[in-house]
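For reference, the structure discussed in these notes is given below.
Every heavy atom of this structure was used, including side-chain atoms; hydrogens, water molecules and symmetry mates were not. In each ligand, atom 1 is the first atom listed, and ligand 1 is the first ligand listed. As the structure is a computational prediction, the values presented were derived from the model and not from experiment.
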Amino acid sequence: MSKKAILIICDGMGDRPVKEYDYKTPLETANTPNLNKLAEEGLVGLMDPISPGIRPGSDVAHLAILGYNPYECYAGRGSLEAAGAGIQLKPGDIAFRANFATVNEDLTIVDRRAGRIKTGIKELAEAINQIKIESVNGVSVEFYPTIEHRGVLIFRGEKLSKNVSDTDPHEIGVKPLKSKPLDDSIEAERMAKALNEFTEKSFHVLKNHQINLNRVKIGEKPANIILARGAGSYFKLKTFQEKYGIKTAAIAAVALVKGVCRIAGMEIIDVKGATGGLNTNFNGKADEAAKAIKHYDFVFLHVKATDVAGHDGNFKAKVEAIENIDKMIGRLIDQLDLNETYVTITADHCTPINFKDHSGDPVPILIHGPETFHSEIKKFCEKTASQGNLCRIKGIDIMAILTNYMGISEKFGY
Ligand SMILES: [Zn+2]
C-alpha cells in the first residue's frame, strides 16, 4: 500500500557559523526537541538546493525541490507571482511583480512600499487600470493588487518578451529605472517601451488621486507610482497528478511559493493568520496540514519566518522562528500516523544572518518515516547533517526519494 508524505520547507533556515554567537548557527542554538527526535529516527543529510555554491532564489529552489529542473522550466518571477495571486496567464502574456511606491515631485523614491499601504488600494488599482498603452500597438495592461503594497502587473498583446530589465531600482533615494531590452529582439524592445510608458502614466494617475491626497493630509506616504520587477512569461508544468498520480495540497502564505505550488497542480489551503512573517499562525499551519493529509497523498507546508529573520540579520529572531517551527512540528506529528506518513523537513536555501541574503551553502535535511534507517543524530543542525546517513543530495533528488519511499515511483528499465 502506498504511503503519504508531508514536505516542510523552512525558508532560508540554513546558516553559517556565527562568530558573535560562539560560532554556532541559529538552528544549532535553538531548542528543537521535535526536530531532534525526527532526525534521530530518520535520515539526515545535507541538500544543495540547485548545486554546490549556487545561490538560489526561492522560486527556482522550490521548483527544484518539487522535482522540476529550473534550468529547463523557469520563466521568471512574475509568472509565479501571478499564479500565486490566482491569475491565469495566457501564452504571450508578460507578468511582473509590482509595488506601490512613494516618489517625491522630482520622482526620487522615498519609500519602495508606500508606507505599506493598507487601505484605498482597490480605488487606486481602478485608476491604474484606466491606463492605455499608446506608444506600442496592440498592447494592454492590467494591474492586480494582492496584499498591502504588493501587486501583479500583466501586459497582454502580440510580440512581447520577458527579456527586459526592472523599473524597480531596489533602493531609495534614486529615481525609478528605465526598463531596457536585454536582447536585440523587437519583442523585448516593445515590452520595455510599454513598461516605461506605464510607469510614467502610473505616476500621473496616482499623484493627485483623492486617496493619496487624503493620505498626505494625515501624514501618510502617498502610493503614487508603480515599480515593476522580475518579468515572467506563461509556462506550464507537468502536475503532480500527471507525474505521480497523486492528490496534493499546499499550505503557504507567500505568493511566489503559492504560485509554484499552483502551477504544480496543488490545491492551495489558506490558513487564517498565516502572514508570511515572524508572527505567522504556526499552530494553524500544523492543524491544517494534519487535516489535509487525511484527504491528500502529499502535503507541502511552507514557513517564511526564518528567511525574514535571515534577511534582517537578526540571530535571536531566527532562533525564535526555528523554535516556533519546532513547536509547530510537534503539534503536527502528534496528529499524524507516523507508520503511514513520511515527514521531510529542510530549507530552500540558507539566508545567513551575517550575509542577509540567500547563499549557495547546502542546507540540512531530514526524512522521517516508517522505513527509514535511524541516523542516531541527537541534534538536527548544519554541522551534524554533514555526518548523517542521507549524505549529500540535491534539491531535484527529493521527490525521487520521497516517491520511492511512498511506493509510487516507476521502475527505470526492465
Ligand atoms: Zn526562500
Strictly under 2.8 Å, is any N, O or S atom of Asp307 next to the Zn ion (ligand 1)?
no

Atom of Asp11 closest to the Zn ion (ligand 1), considering N, O or S atoms:
OD1

For Asn129 and Glu142, which I'm curious about, is there any donor-acceptor pair between the side chains at under 3.5 Å?
no

Between Ser375 and Asn389, is any side-chain donor less than 3.5 angstrom from a side-chain acceptor?
no

Do His62 and Tyr74 have ring centres separated by under 6.0 Å?
no

For a distance under 2.8 Å, tell me if Thr351 has an N/O/S atom near the Zn ion (ligand 1).
no

Tell me whether the Zn ion (ligand 1) has His62 as a neighbour, meaning an N, O or S atom of it below 2.8 Å.
no

Applying ring-ring contact (aromatic ring centres under 6.0 Å, His included) between Phe143 and each of Phe96, Phe100, Phe198, report the one that passes.
Phe100

In Asp348, what N, O or S atom is nearest to the Zn ion (ligand 1), if we give its atom name?
OD2

In this structure, which one of Ile329, Ile269, Ile251 forms a side chain to side chain contact (heavy atoms under 4.5 Å, CB included) with Leu301?
Ile251

